Amino acid sequence: MTDVTGTSNPGTSTTNPGRAGTDPGPAATPPAKSAWPANAAHQAAVARLQRAYAEIPPGQPVRLAKRTSNLFRFRDASPSAGLDVSAFGHVLSVDPASRTAVVGGMTTYENLADATLRHDLMPLVVPELKTITLGGAVTGLGVESSSLRNGLPHESVIEMEILTGDGRVVTAADGNSHDALYRGFPNSYGTLGYALSLTIELDPVAPYVHLRHFRFDTPEACMEAVAQIAQDGSLSGHRADFVDGTAFSLDEMYLTVGAFSDVAPWLSDYTEDRIYYQSIRGPKEDFLTIRDYLWRWDTDWFWCSRAFGVQNPVIRRAWPRRYRRSDTYRRLVALDRRYGLSATLNARRGRPEREFVTQDVEIPVERGAEFLRFFADRVGMSPVWLCPLRLRSGRAWPLYPMRPGQVYVNFGFWGTAALPPGGADGHYNRQIEDQVTALGGHKGLYSTSYYSEDEFSKRYNGAEYARLKHEYDGDGRLPTLYQKCVTVE
Ligand SMILES: Cc1cc2nc3c(=O)[nH]c(=O)nc-3n(C[C@H](O)[C@H](O)[C@H](O)COP(=O)(O)OP(=O)(O)OC[C@H]3O[C@@H](n4cnc5c(N)ncnc54)[C@H](O)[C@@H]3O)c2cc1C
């Protein structure tokens with residue numbers, strides 16, 4: 001066990017096993033109870049937070065005081081100070097022997113990946129944006145190119161230490177007395193409680209990822225290839241440790257299949273002049289270090305950095321490298337939203353108003369081509385990100401009802417679309433919600449939603465949510481999921 005915050009035991013470090021992915025390796029065993037954050041500083045921080053929470057007067061809104069966020073709901077700054085959770089922003093320990101880590105709930109994946117890569121290990125799913133936190137990805141769901149193999153981030157959580165809405169600190173794990181909370185925490189968005197530390201499984205890595213970009217000229221052919229990869233674990237003989245895709249148009253879409261590799265004849269770098277999403281169009285093959293692979297999308301926030309001119313070579317060179325990051329761009333968007341800068345500029349130029357269409361949706365692979373055709377026809381934004389996924393476990397997670405065994409494709413689109421004359425906010429997002437429902441899919445809740453309360457309850461298992469809310473936040477100190485994700489408070 002290595003205590004990342006201090007002492008280490010060199011005797012337990014592991015060697016790189018060569019490659020991961022298809023190698024199931026020894027099953028991760030939950031660490032013994034003594035491996036729980038025995039760390040005195042952590043225990044003291046938990047006690048402090050519990051006291052601070054108890055001191056918030058009933059009826060006063062509760063919020064996390066966090067430096068970063070990846071939510072796409074921009075609300076006026078809250079007058080309340082917020083709970084100081086800075087003590088929960090680091091990795092408590094990594095155990096190469098059991099391939100597990102104990103991690104503060106507000107630890108960013110950037111810091112988490114750095115701590116585990118030192119041991120040639122990584123979390124089973126690492127979302128693309130550096131400042132997404134482990135707690136945020138578990139309570140708000142996450143997906144990445146290992147999700148076809150490894151499911152969603154919460155599926156490799158062994159246990160969680162949670163400050164519940166009613167002020168208790170409980171340990172929720174599969175099969176223990178808080179099993180219902182463990183299963184209902186994903187997609188609860190911090191409305192049942194806050195994860196203070198989580199024990200997670202880790203996967204071995206190789207030093208490099210060998211990428212191949214396969215082109216498709218119809219959505220149908222692309223979706224058939226996804227289904228084939230799901231069945232075979234490879235495409236044209238290239239092992240699919242990772243798979244995601246980029247649709248530039250209905251006749252130009254790519255699946256990028258990544259295989260762990262011990263060797264790299266060359267290495268690309270997309271943090272300088274070259275831009276990752278543009279590289280997908282050719283050449284067909286590429287190599288990245290595992291760390292650069294994990295953050296390949298962050299430097300340009302997928303393609304969204306183009307809105308700030310960062311893809312113009314002159315501006316790019318002048319833009320300090322340390323600010324070529326998704327959190328910088330998100331802060332700029334938040335400022336723009338707060339002061340209405342682009343809306344004012346648009347209006348002055350006599351251009352139509354624009355609606356934010358920033359969403360991730362999951363559609364069964366058999367209906368994926370229909371979704372892409374609908375989206376190109378009705379919304380027309382491009383590119384669109386494609387990420388195949390399948391639940392890792394045979395049991396469903398109640399608040400985000402994906403079917404075990406079913407292959408889904410996550411479609412991500414992040415930007416704005418010009419409203420037609422007379423069109424109001426919600427014009428595009430409502431159509432997308434309806435189409436997602438019609439195709440048997442689900443929508444992530446990190447952005448705007450327009451569902452009625454009744455519809456929302458049907459989509460996200462309102463009955464189970466109500467039961468959990470009663471059990472863990474009976475006095476309703478935290479908002480409900482509907483209030484938080486749909487109602488603009
Ligand atoms: C443009 C864009 C692209 C995205 N792309 C992806 C993607 O490709 N893959 C992916 O996985 N996700 C993606 N996301 C979604 C992102 O993973 C979720 O928004 C996630 O919830 C953000 O986590 P965060 O740590 O930044 O949390 P925050 O944004 O700070 O918080 C999110 C919510 O979780 C709650 N919360 C935060 N920490 C905790 C905790 N420890 N315990 C309980 N509740 C907590 C907060 O109260 C809040 O309601 C994207 C989001 C955007 C805006």
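Numbering of residues begins at 1 and proceeds along the displayed sequence. Quick note: numbers below take in every heavy atom, side chains included, and nothing from hydrogens, waters or symmetry partners. When a ligand or atom number is given, it counts from 1 through the structure's own listing order. Please read these numbers as outputs of a predicted model, since none were measured by experiment.
Only the side chain of K484 comes within 4.0 Å of ligand 1, judged by heavy-atom distances. With a 4.0 Å heavy-atom cut-off, ligand 1 is reached by the side chain of F302 but not by its N, CA, C or O. With a 4.0 Å cut-off on non-hydrogen atoms, W414 touches ligand 1 through its side chain and not its backbone. Contact annotation: for L141 versus ligand 1, heavy atoms closer than 4.0 Å belong to the backbone alone. With a 4.0 Å cut-off on non-hydrogen atoms, F88 does not touch ligand 1 at all. Counting heavy atoms under 4.0 Å from ligand 1, residue F185 touches it through the side chain alone.
Considering backbone and side-chain N/O atoms, W301 never comes within less than 3.5 Å of an N/O atom of ligand 1. Taking any N or O of M106, backbone or side chain, none lies under 3.5 Å from an N or O belonging to ligand 1.
Among L481, V62, T133, L134, the residue whose heavy atom lies nearest to atom 24 (P) of ligand 1 is T133. Compare C485, S447, A195 by their heavy atoms: the one nearest to atom 40 (C) of ligand 1 is in A195. Nearest-heavy-atom check against atom 4 (C) of ligand 1 across N410, L129, L152 picks out L129. Within the set V126, T131, T358, I132, the minimum heavy-atom distance to atom 17 (O) of ligand 1 is found for I132. Of the options E128, K130, R330, the smallest heavy-atom separation from atom 9 (N) of ligand 1 is shown by E128.
Looking only at distances, no side-chain donor or acceptor of S146 sits under 3.5 Å from a matching main-chain atom of N150.
Contact atoms of ligand 1 toward G193: 43 (C) (distance under 4.0 Å to a heavy atom of the residue).
Crowding of Q50 atom CD: a count of heavy atoms from other residues, nucleotides or ligands under 6.0 Å exceeding 12.
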